[in-house]
Amino acid sequence: MNSELLQTFLKIVEYRQISQAAESLYITQAAASNRLTRMESLLGVKLINRVKGNNTISLTSYGQQLVPIAQQWLQLTRQVNGLKEMADYHTIRIGSSVEVDQAILANILPPLLQDDFLLRFHLQIASDTDIYNLVDNDLVDIGVSFVESSRHKIVTHRLGEERLVLITAPKSTYPDQLEANSLSRYDEVFIPYNDSFCKWHDLCWEDKFPPLAQLASAIDVPHYLISERSWALVPESMAQFFLAHNFAIRILKLLETPPSLPLISITKSDKASSPEVKRFVLNAQAALFKSHQDNNFG
């Protein structure tokens, strides 16, 4: 039985008027009447006597029998909810970039919540530099980034790697496989992921032209693929995210293999060994591996 219906019934019993019961519940009189009708329909009995022209109601014998049962039901419901409040929840505060959140964490965190009903996540979006600052200042318990940096009292751990894939507009004129010299920086939507990627990028493309656009994150790349020659290198999970959300992109094979992006977990040294953080790291590694197995572009 729906607790909302029982609560409405008991309020009607308390005030002896549907209008006052509705007012106490902050609902309309019509809504209260509808709830009462639904209860009577579910039970198959009449609960109150309605007299036309008289606002005050009286209970039928069935209604009188239901009152103590409804009271006990609501009391048990409150006790159950009280147990939830007393549960030993463990909250993990996570700092992440928007692309890591959308393309990776959004896939690996929900299954972790399903496996542990006491687990709670508090997610904060930030730049890669700010993620390290959040961890350093104890504002988050763990950060997740494509950038690995060395800092005092900060522990980094590799969760996995993200392969970079080449994407273009769906009607691009490029072949399915191509070399880097077939692409021009003039048409590139560029994201400087980390130092290793930028060094490799400089070897493949001379800095004769500024890129078509330089973005802080790959999340907006499809909006900038404005011509048949526009292109970008994005993490594999980001490309999968674009396809899953019906963004118009085409995935090509670049013969020169870009360096993979390390997906790094970042924690303070005094928290790195906590059970919550260790469990998150292990589960994230497993979920990330499975995600790559399922979504491998080959």
Side-chain angles (χ1 to χ4, degrees), residues 81-164 191-198 216-219 234-238 240-241 259-295:
N81 290 332
L83 290 175
K84 290 182 180 179
E85 294 174 4
M86 295 168 60
D88 185 19
Y89 294 105
H90 40 277
T91 299
I92 301 179
R93 301 169 301 166
I94 303 172
S96 165
S97 67
V98 64
E99 59 195 348
V100 170
D101 169 41
Q102 292 288 333
I104 300 176
L105 297 185
N107 291 325
I108 68 176
L109 295 186
L112 302 186
L113 291 173
Q114 290 179 325
D115 292 339
D116 185 353
F117 68 92
L118 293 177
L119 179 62
R120 294 293 183 269
F121 290 123
H122 180 186
L123 191 62
Q124 188 166 340
I125 301 302
S127 67
D128 289 307
T129 300
D130 286 340
I131 290 169
Y132 278 85
N133 292 335
L134 290 171
V135 173
D136 201 18
N137 293 309
D138 290 316
L139 296 175
V140 298
D141 302 307
I142 186 167
V144 186
S145 172
F146 287 134
V147 176
E148 186 170 13
S149 178
S150 177
R151 292 200 186 187
H152 182 57
K153 293 184 178 180
I154 292 288
V155 175
T156 59
H157 189 89
R158 184 166 293 205
L159 297 175
E161 291 186 342
E162 275 288 297
R163 189 164 64 99
L164 288 167
I191 304 95
Y193 295 107
N194 57 28
D195 290 342
S196 177
F197 169 76
C198 290
S217 165
I219 192 75
V234 302
E236 184 176 17
S237 59
M238 197 79 251
Q240 182 63 30
F241 171 83
S260 297
L261 300 179
L263 188 65
I264 304 298
S265 69
I266 308 148
T267 53
K268 289 284 284 287
S269 55
D270 58 346
K271 292 183 178 180
S273 60
S274 72
E276 290 81 6
V277 169
K278 290 174 70 175
R279 189 183 306 116
F280 169 82
V281 169
L282 289 174
N283 288 334
Q285 286 176 317
L288 188 65
F289 176 78
K290 183 179 184 303
S291 175
H292 284 173
Q293 292 292 104
D294 293 341
N295 303 319

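Only a predicted model underlies this, so the values are computations on that prediction, with no experimental measurement involved.
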Do you know the tightest heavy-atom contact between [X] and [Y]?
{"X": "I264", "Y": "R158", "value": "CD1-CA, 4.2 Å"}
{"X": "V234", "Y": "Y193", "value": "CA-OH, 3.3 Å"}
{"X": "K268", "Y": "V135", "value": "CG-O, 3.2 Å"}
{"X": "P111", "Y": "N107", "value": "CD-O, 3.3 Å"}

Output the distance between atom [atom1] ([X]) and atom [atom2] ([Y]), rounded to the nearest 0.5 Å.
{"X": "S260", "Y": "E162", "atom1": "OG", "atom2": "CD", "result": "8.5 Å"}
{"X": "I219", "Y": "E99", "atom1": "CD1", "atom2": "CD", "result": "7.5 Å"}
{"X": "L261", "Y": "R163", "atom1": "CG", "atom2": "CZ", "result": "11.5 Å"}
{"X": "E236", "Y": "I104", "atom1": "CD", "atom2": "CD1", "result": "10.0 Å"}
{"X": "I92", "Y": "F280", "atom1": "CD1", "atom2": "CZ", "result": "6.5 Å"}
{"X": "I131", "Y": "I142", "atom1": "CD1", "atom2": "CD1", "result": "11.0 Å"}

### Task
Would you mind reporting whether I94 and F121 have side-chain heavy atoms less than 4.5 Å apart?
yes
### Query
Going by heavy atoms in the side chains, are P235 and F146 under 4.5 Å from each other?
yes
### Query
Quick one: does N194's side chain have a donor or acceptor within less than 3.5 Å of a partner on V147's backbone?
no
With sequence neighbours left out, what residues match [X] under side chain to side chain contact (heavy atoms under 4.5 Å, CB included)?
{"X": "V155", "value": "T267, S269, A272"}
{"X": "D195", "value": "none"}
{"X": "Q285", "value": "H157, L159, V281, L282"}

### Message
Assess the residue pair Y132 and T156 against the criterion (side chain to side chain contact (heavy atoms under 4.5 Å, CB included)); give the C-alpha distance rounded to whole Å, side-chain angles, the decisive distance to 0.1 Å, and a yes or no.
### Response
CA-CA 10 Å; Y132 278 85; T156 59; 4.0 Å; yes
#### Entry: Stepwise side chain to side chain contact (heavy atoms under 4.5 Å, CB included) check, I266 with V144
CA-CA 6 Å; I266 308 148; V144 186; over 6 Å; no
### Task
State, without any angle test, whether Q124 and S96 hold a side-chain donor-acceptor pair at a distance under 3.5 Å.
no
### Task
Using a strict cut-off of less than 4.0 Å between a Lys/Arg side-chain nitrogen and an Asp/Glu carboxylate oxygen, indicate whether K271 and D138 qualify as a salt bridge.
yes
